[in-house]
Protein chains: 2
Amino acid sequence: MATTDQTRMAVLGGLSIAPMTGYALREQIRDALGHFWAESFGQIYPALTALERDGLIERQAALRAGSSTFALTPLGTERLRELLAEAPQPVKPRNGVLLRLFFGRQLGQEACRKLVADTRATAEAELAGMCRIREELEADTGPDAPYILLTVLAGEHAARASLAWADEALGVLDGLASAAPPAANSAATPAREHS
Amino acid sequence: MATTDQTRMAVLGGLSIAPMTGYALREQIRDALGHFWAESFGQIYPALTALERDGLIERQAALRAGSSTFALTPLGTERLRELLAEAPQPVKPRNGVLLRLFFGRQLGQEACRKLVADTRATAEAELAGMCRIREELEADTGPDAPYILLTVLAGEHAARASLAWADEALGVLDGLASAAPPAANSAATPAREHS
DNA sequence: ATGGGCATGTAAGTAGTTACATGATTTA
DNA sequence: TAAATCATGTAACTACTTACATGCCCAT
């Protein structure tokens with residue numbers, strides 16, 4: 001199997017909003033799902049090929065030579081609902097900022113402050129983006145709009161949490177006696193556990 | 001290169017807290033970094049082998065036959081600091097719950113409620129866990145404790161945001177006229193954009 | 001003496017990214 | 001007519017997971 005069920009779900013789902021080309025689908029996934037989902041370019045086309053082969057999607061009239069618009073077949077809609085009903089697979093988290101802060105003693109206080117400040121700035125931009133999308137969405141009376149709203153609200157809450165955390169974290173860092181990182185040979189001295 | 005810089009950073013970092021065996025390292029990564037970082041079993045041992053070969057870590061006295069405790073060398077501490085100072089690589093998000101809610105019209109209102117309720121329950125457990133770890137950490141006067149606290153605070157803020165979002169989301173779902181998911185052949189009818 | 005937890009490793013397979021290659025259509 | 005954008009696809013590579021294989025040591 002060249003593509004995974006997860007990718008197929010995203011592709012079928014995208015086409016359930018509206019029929020479109022692979023190129024447009026990629027943009028929709030980037031723009032509309034981008035804050036909680038990613039599909040790389042090299043996965044979308046193989047997925048389309050496989051889904052068409054299985055009769056879950058079909059090509060509609062070509063808008064121009066060499067391109068085609070894909071739409072769900074009834075079988076594809078059925079399969080999408082099956083996939084959506086499956087339990088979400090837990091994702092492996094990999095937060096590079098928190099990893100660096102965890103070992104912040106080695107990184108040094110100032111670099112930690114910078115990491116937190118950068119995270120705060122990113123969250124501020126993210127929050128602004130979410131609020132803008134939400135306004136657009138509130139004018140949208142389509143059947144998908146309330147569900148899409150749920151994902152935007154999640155983005156807003158996450159961004160606000162990130163801001164609040166960053167402010168608290170900067171406070172903690174301010175409270176530390178400013179000390180240089182330990183000398184290399186003292187790195188492993190205090191053999192302590194933190195359960 | 002069998003292992004990545006990210007894995008090496010986590011392994012070197014773990015050994016900067018205290019020297020330990022590969023097995024213990026794996027448990028530390030799961031228990032202490034688990035809420036924001038994951039390393040699979042099959043990556044830790046190859047990483048240890050490579051790091052030892054490069055002189056960044058060394059085996060200390062064996063606690064028992066067939067096992068050995070690894071500790072950072074000065075070179076390893078230096079390398080860890082270099083790695084920590086590199087910019088965190090942005091991670092590709094894959095939130096299966098939000099993906100399903102985005103296509104919630106196909107999934108159906110009730111199944112969406114259940115997804116949100118499950119997320120809420122998970123967040124509640126997560127929050128309780130973070131608070132417990134924080135209490136332990138507040139009794140810890142070691143040099144790593146304040147930095148570790150930052151990551152725990154992040155977990156707390158994220159969990160609280162998840163709770164607040166879930167409550168708001170349940171309210172939105174309650175506000176929807178209860179309707180069955182659309183028939184399969186109407187799936188693509190309203191060709192609407194929501195950019 | 002045996003079952004469970006500690007400990008180390010490998011091999012096969014899956015998943016995902018990146019870079020490349022190609023060409024059509026539109027706009028300036 | 002050149003540049004930008006739309007559009008489709010593949011091949012090579014990197015990263016990661018899972019399952020398996022092995023054996024030590026301690027408690028019952």
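What you see is a predicted model; the values in this text were computed from it and never measured. Protein chains get the first letters and strands the later ones, always in sequence-line order, with residue 1 at the start of each. Just the heavy atoms: all of them, side chains too, but no hydrogens, waters or symmetry mates, feed the values below.
In this view, D31(A) satisfies the side chain to side chain donor-acceptor pair (under 3.5 Å) rule with no residue, not counting sequence neighbours. Residues passing the side chain to side chain donor-acceptor pair (under 3.5 Å) test with R64(B): none are found, sequence neighbours excluded. Annotation: salt bridge (charged side-chain N to carboxylate O under 4.0 Å, His left out) contacts of E58(B) (sequence neighbours excluded): none. Looking at residues two or more places apart in sequence or on another chain, you find a salt bridge (charged side-chain N to carboxylate O under 4.0 Å, His left out) between R94(A) and E39(B). The salt bridge (charged side-chain N to carboxylate O under 4.0 Å, His left out) check on K114(B) picks up D118(B), with sequence neighbours excluded.
If you check dG9(C), dT8(D), dA7(C) against the side chain of S68(A), the one that comes closest is dT8(D). Here the side chain of P46(A) is nearest to one of dT17(C), dT8(D), dT10(D), namely dT10(D). Proximity note for Y45(A) (side chain, C-beta onward) versus dT8(D), dT18(C), dA7(C): the nearest is dT8(D). The side chain of K92(A) lies closest to dT18(D), out of dG16(C), dC6(C), dT18(D). Set against dT8(C), dT8(D), dA15(D), the side chain of Y23(A) has dT8(D) as its closest nucleotide.
For the pair F41(B) CZ and dG5(C) P, the interatomic distance rounds to 15 Å; values are reported in whole Å. The nearest whole Å value for the distance from the CZ atom in R26(A) to the P atom in dG16(C) is 17 Å. The separation between Q43(B) atom CD and dT17(D) atom C1' is 8 Å, rounded to whole Å. Rounded to whole angstrom, the span from the CG atom of D31(A) across to the P atom of dC6(D) amounts to 11 Å.
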| Along nucleotides 22-27 of chain C, 5' to 3', which nucleotides get a B, which get an S, and which get a -, given that the test is a protein heavy-atom distance under 4.0 Å? | -BBS--

